[in-house]
Amino acid sequence: MAKRVAIVGTGQTFHKSHRPDVNGQELINEAVLRALTDADLKMKDIDAIVIGNMDHFEGINYVDCWSVDGSGGTMKPIIKLTTGGTTGCTVAIGGYHLVGSGMFDRVLIIGWEKNSESDTTGAITTAFDPVWDRLVFAGAISGLAAEAQAYIARYGASERDGARVSVRDRKHAMNNPHAQLRKEVSLEEVLASPMLADPIHLLDVCPRSDGACAVIMASEDVAEKICPKPDWIWGTAARHSYSYLGDDDYGRLTSMREGSQELWKKAGIKEPRKELDVIELYQPYSFGGLIWIEDMGIVGPGEAPRYIWDGNTDMGGELPINPSGGVIATNPIGATGLIRCAEAAMQVMGKAEGRQVPDVNFAFSSGFGGCWWTDMILHGKKKPK
Amino acid sequence: MTEKEHIIIESGDAVQPFAYSVGMHGSKFFTELRDNRRFMAVKCPKCKKVYIPPRGVCGDCFVEMKDWLEVGPKGVIGTFTILRFAFIDPETGAQKPVPYGYGFIKFDGADTLFQHYISVEDESKIKIGARVEPVFSKDRKGSIRDIEYFKVID
C-alpha cells in the first residue's frame, strides 16, 4: 500500500552567476544544511538520497558518489537521476516514489549546478542527437525562439506580450533574497536589449547560475511529527515525448498539455485557474509564460497575453506566477526544477516570507527541458484522501 | 584584489575521436541523399503520420514503420529563428558564424519538421509558410552537410 508523501523542509543557496569560493560539494552542502535546519533533522535521520544535475555541464559523471562530502550520503542509499533541464523536477518525482513505496521514511532530494564551470550553450547542444539535431541547433535559446516565432504567427501575439512576462518575473525577484538577478526592468528596456535569436531579446531569457537546492520528503507515518503543517504531494506527471527536435508541434507545448491533464485528473482538479493559488513554472524565457499556461488550461489558446496584461499573474492578482522571480532571475539548471518545487512547498507551508501568496491551498511546480519535455507536481495544504 | 588567471585546458590540434553510427534508417536516408538527392521518409501504418528523419517506430502508436516514401525536396518553413549571438559549436570547438537562419522545414508530403540552415541573404523573405528548396553540396559524402542550406523560392 503506497504511502502519502509530504515535503517537510527545504533549503537553497543564495544563487549567483559565479561561486568560485566553493566547489560543487561545498555548494551542495549549503543547501543540504539549510534543508536539515528547516526540518529540524540531523543527517542521521535521512534514510536515502536522490541527487541530480546535468552532468555534462561539469563533466563529472559519478556525481552520486563524488558528492557525498557535501550531500552527507556516506553509507546511505544514494541514486543519481539526470534528465536534462527537467532534472530538478525529476529528482523530486523520484524522491516521491521512494517515500511513497514505503521503503524509506525520510528522503533527501538534491538538485545542483555550477554552470560557471563550463560553456552552457555548447554543453546543452551536446545533449541532442549528433546526426540529426546538432548541425544547426544552438542550445536552448534557438529552440525556444522557434517556439515563440510559431506562437506569434499562430495567435498574433507580439514581442511586447513576451516582454510583459519578463517585467513581471524580474519584479517578483525583488522579493526573493535567493534570486540571482534582482533588478526591475521596464518593457522598453526588454525590447531594447540585444536580439539573441528572433524574437528573443537578452532580457527575455534566463541567466546561467551556480546554485543548489535540497528538499526533504517524509512519509505520512512521520511527516506531521517533523513538521506540523507540511506540504502534501497530491500528484505528479511527466512527459518526455519526442526523439528529435523537429517532431514537436511548435507553438504549443504538448508535453505540458498532456501532463497537466493527467495531473488534474489524478487530483480531481476541475478548473485549474480557480483551484490553483500559485504557480512556480520552469519558464526559462518570457514567451513560455504565455504559451505554457494555455497548455495547462489556465486560459484558452491565444488568451494568455490579455490575461497577463490584466495583472492576473502578478503578486496580488488572481493567480500569481513565479513569486520567486522564477527561472528568468535564477537558473542553476539541475537545481532549477527543484527550486520550483521548494518554492511551491514554501508557499503551501506559509514560509515564503516576502514573496508569500496569502492562503495557498494548492500550488503547482514544473520542470522543463530536453526535447520539449515537461514534469510537474501538485502541492496541497490538506492531506490527500 | 588582483585578478586571478584561469587555468585553460585546450585540446589544440588534437582530434576528438567521435564516430557515430547513423543506424539502419539513417543509412538509407543518407545513401539516397548522397546518390540521388532524394529525401526519404517513413509512414506509420496506423496513424499515417510521415516521419523525417526516418526511424523504426511511431512513438504515438508504438507500431513498427516499414513503408518508405520520398518527400520534398521542396517544402515550407514550419518555424525558424535567426541566431544573432556568437557561441561555441561543440562539434568543432569554434565560434559559429552569425547571423544564421535556423529552419524547421516541412517538406511537401511530410508531417514532422527537418532542421537545417536557411539562407539569410534576404531576411524579409524568411517567414513561416514561405516556400523553400534545398541547395545541395557539390561534393556529397552521405551526411547532413550534403545539403548546404535551404533558400526561399517565393
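So you know, we letter chains A, B, ... as the sequences are listed, proteins then strands, and number each from 1.
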TODO: Heavy-atom pairs under 4.5 Å with chain B are the metric here; pick the option from A:D119, A:I141, A:L135, A:D247 that has the most.
DONE: A:L135
- [ ] Kindly indicate whether the side chain of B:H116, heavy atoms from C-beta on, has any atom under 4.5 Å from the side chain of B:F114.
- [x] yes
TODO: Could you tell me which portion of A:L202 (side chain, backbone, both or neither) has an atom closer than 4.5 angstrom to a non-hydrogen atom of chain B?
DONE: neither
TODO: Can you tell which part of B:F87 gets under 4.5 Å to a heavy atom of chain A, answering side chain, backbone, both or neither?
DONE: side chain
- [ ] Please state whether the side chain, the backbone, both or neither of B:F80 comes within less than 4.5 Å of a heavy atom of chain A.
- [x] both
Task: Region of A:F137 that comes under 4.5 Å of a non-hydrogen atom in chain B - done: both
Open item on the list: What I'd like to find out is whether the side chain of A:I328 reaches to under 4.5 Å of the side chain of A:V205, using heavy atoms alone.
Closed with: no
TODO: Pick whichever of B:T79, B:I128, B:I52, B:T112 has the most heavy-atom pairs under 4.5 Å with chain A.
DONE: B:T79
- [ ] Select, from A:D249, A:V131, A:L196, A:T125, the one with the greatest count of heavy-atom pairs under 4.5 Å involving chain B.
- [x] A:L196
Task: side-chain contact (heavy atoms from CB on, under 4.5 Å), paired with B:V152, selected from B:I77, B:V120, B:D122 - done: B:I77
- [ ] Start with the C-alpha gap between B:F107 and B:F150, add the side-chain angles, then the distance that decides, and say whether ring-ring contact (aromatic ring centres under 6.0 Å, His included) holds.
- [x] CA-CA 11 Å; B:F107 281 119; B:F150 284 77; 5.8 Å; yes
Open item on the list: Using heavy-atom distances under 4.5 Å, tell me whether A:S243 contacts chain B through its side chain, its backbone, both, or neither.
Closed with: side chain
Task: Atom of B:K96, atom of B:D89 and distance for their closest heavy-atom approach - done: NZ-OD2, 3.6 Å
Task: Any donor-acceptor pair under 3.5 Å from B:R84 side chain to A:P194 backbone - done: no
